[in-house]
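What follows is a single structure, written as structure tokens, with notes after it.
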Amino acid sequence: MAPQTRRMAFPRVVVAPRETDSEQSSSEEEEEEDPLPEYESEPEVENGNGDKVEQKAPITITLKKVCKVCKKAGHEAGFKGATYIDCPMKPCFLCKMPGHTTMTCPHRVTTEHGVIPAPHRNACNPLEYVFERQLRPRIPLIKPAYVIPDQVTCGVIRYHSRRVTCLEFHPTKNNILLSGDKKGQVGVLDYYKTSEKMVYGNIHSCIVNNMRFNPTNDGAIYAASSDGTISCTDMETGISLSLMNLNPDGWQGPSSWRMLYGMDINPEKGVVLVADNCGFLYMVDMRSNSKSGEAILIHKKGSKVVGLHCNPIQPELLLSCGNDHFARLWDMRRLEAGSSLFDLAHRRVVNSAYFSPLSGSKILTTSQDNRLRIWDSIFSNMDTPSREIVHSHDFNRHLTPFRAEWDPKDPSESLAVIGRYISENYNGAALHPIDFIDISTGQLVAEVMDPNITTISPVNKLHPQDDVLASGSSRSIFIWRPKEKSELVEQKDERKIIVCGRAEKKQNRKLGNGSDDSDDDITLKGKNVKSKKSVTKLTPYSRKGKL
DNA sequence: AAAGAATGTCACC
DNA sequence: TGGTGACCCTTCTT
């Protein structure tokens, strides 16, 4: 039999004998799913006496519904309304363990998303001693309560024509947000003055994987792209310089094409660090804008290095992660193949690995095995993570990979934000919230959603100073802010479910007129809607009839 | 309304 | 090791 693919949309045709007096199906498509498994596949049926009788005629053809995941009858995976029913033959889609489905997964029904607690460890090595002496005082002893608003407004910006792949806030100019997309476009937006936005389409020719502002000249943007180049662009003029090109001879076929993924800037050393899809790290001197030194193999040869992060406190520490299932900690003074300080093993691809933003002493990773991992101290035992938190952020080739991001404003370095893959049935709508997680406990502190937003938001960034969250979801960018400053309240023990824009939903849908003029495409819900055309873009409804 | 396309990772040979 | 095909709770266009 030819291999069956998931695309097979129609039920398998089964030739089954039927009782001679059975009714004809009024409609094959409307046939209810059979609650008795395997019934129709039996070659024999019972007569009234319980004897097996071979049926010869007439033969009718029925279309039997089978599960689209396992191709077996008796159940069907997929959306029932706004609730997704898992295939029971598969491991749980959330925690990946067999024996239950997502609906009954213990990590779903509790607010602690399945924390595997850290074993107690003794602090005894010299590095940890230094940490305790020099860095620990920076961290408050008592964790302050998170300040998360009860209500938020959400602005929607649409100027990318392909899905958003990365977001970056300007470090000092408060309202400036950078965005990159799959097509290679780079957007610079002032989200308070929506007319002030620029989209640069000629910097890169495909996916912008990472962007950074130049810390010494914050009008300059560095970007690494799958086109194999790293660019430095003037934010105001869009004038761009290519600092490095891994494909100087152009397209010579997929096997030779090289792409740039992970990127970060080390201001102390004045270098841009960038890594490719073959396991190599490159350094570009920011003064001369030229490559310095040779490429260094930092991950398995031939594997993508998707993330680089320089330690915010100790400039000689570098963190990398990639498709070889490892995050690795490096000493910049001794960067050579195989010389990493620590190799942090994961079960799947590591989408991101970040030092904590203030002390730089913790590490947070996002892996495609649906787990966040936290190492509480890079100066302590690094053999196993301090905590693993089960969270739904699966890989899907059509989505930008999820990355858990620290809240740079949280002095206790324990709040992280990450989009959620699996949907929640919210009043009949399948919504994908954006989760705020206390990574010291695994508790889901808050989940943010909007009935108008039915798409998944894999890209999220918290503002370095303000209470602003930027999300990239498909081609749109969302700016979430507290609805009223006065409504800010301290976080209690229970998680908050923050729903935005609920009342406006139907009104907005009626107003839409389908115009695709994109000059005025930002709207803040909760305030007056500016125009019909902008409202149209507020309603990216899915076609599954979930609303 | 439903099909088609785009197209990373992983297991398997 | 490199090629192949299955997998995936997508999202948008035709």
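Note: hydrogens, waters and symmetry copies are ignored here, and every other heavy atom, side chains too, is used. As the structure is a computational prediction, the values presented were derived from the model and not from experiment. To find a chain, count down the sequence lines: A is the first, B the second, and so on, and within it residues start at 1.
- Note on A:Arg163: nothing from the nucleic acid sits closer than 4.0 angstrom, heavy atoms only.
- Rounded to whole Å, the distance from NZ on A:Lys96 to P on C:dC8 is 9 Å.
- Residue A:Asn396 has its side chain nearest to C:dT10 when only C:dT11, C:dT10, B:dT9 are considered.
- Atom-to-atom, CZ of A:Phe402 to P of B:dT9 comes out at 14 Å; the value is rounded to the nearest Å.
- Listed candidates were C:dT10, C:dC8, B:dC10. Nearest to the side chain of A:His398 is C:dT10.
- Atoms CG (A:Asn370) and P (C:dC7) sit 18 Å apart, rounded to a whole Å.
- On the P atoms, B:dC12 is 14 Å away from C:dC8, given to the nearest whole Å.
- Residue A:Lys71 contributes atom NZ, which lies 11 Å from atom C1' of C:dC8 at whole-angstrom precision.
- Of all nucleotides listed (B:dT9, C:dC9, B:dA11), C:dC9 comes nearest to the side chain of A:Ile422.
- Within a 6.0 Å sphere centred on CD of A:Glu336, heavy atoms belonging to other residues, nucleotides or ligands number more than 12.
- Counting non-hydrogen atoms under 4.0 angstrom, A:Thr102 reaches a base of the nucleic acid.
- Nearest nucleotide to the side chain of A:Ile456, out of B:dC10, C:dT10, C:dC9: C:dT10.
- Taking side-chain N and O atoms only, A:His325 has no distance below 4.0 Å to OP1 or OP2 of B:dT9.
- In this structure, A:Lys90 reaches the C:dC8 phosphate: one of its side-chain N or O atoms is under 4.0 Å from OP1 or OP2.
- Ion pairing between A:Arg212 and A:Asp264 holds under the 4.0 Å rule for side-chain N and carboxylate O.
- If you take NZ of A:Lys68 and P of C:dC8, they are 10 Å apart, rounded to a whole angstrom.
- Between the CG atom of A:Asp86 and the P atom of C:dC8 there is a distance of 10 Å, rounded to whole Å.
- Nucleic acid contact for A:Asn323: sugar-phosphate only, since backbone atoms but no base atoms lie under 4.0 Å from a heavy atom of the residue.
- Between A:Ile389 and A:Ile374 there is a side-chain heavy-atom pair separated by less than 4.5 Å.
- Minimum atom distance to the side chain of A:Arg108 is reached by C:dC9, of the listed C:dC9, C:dT11, B:dT9.
- Distance from the side chain of A:Gln368 is smallest to B:dT9 among B:dT9, C:dT11, C:dC9.
- Each of B:dT9, C:dT11, B:dA6 was ranked by its minimum atom distance to the side chain of A:Lys182; first place goes to B:dA6.
- Residues A:His309 and A:Phe355 bring their aromatic ring centres within 6.0 Å.
- Between A:Lys301 and C:dT1 there is no side-chain N or O to OP1 or OP2 distance below 4.0 Å.
- The distance from atom CE of A:Met103 to atom C1' of C:dC9 is 12 Å, rounded to the nearest whole Å.
- Across all strands shown, A:Lys183 has no heavy atoms under 4.0 Å from either base or sugar-phosphate atoms.
- When each of C:dT11, B:dA11, B:dG8 is scored by its nearest atom to the side-chain atoms of A:Arg348, the top-ranked nucleotide is B:dA11.
- In this structure, A:Lys96 places its NZ atom where more than 12 heavy-atom neighbours from other residues, nucleotides or ligands lie under 6.0 Å away.
- A side-chain donor-acceptor contact under 3.5 Å links A:Thr400 and A:Arg163.
- The side chain of A:Phe395 has B:dG8 as its nearest neighbour among C:dC9, B:dG8, C:dT11.
- Put simply, CG on A:Asp181 is 17 Å from P on B:dA6, counting in whole angstrom units.
- Residue-level contact check: A:Tyr421 touches the backbone only, with heavy atoms under 4.0 Å from sugar-phosphate atoms and none from bases.
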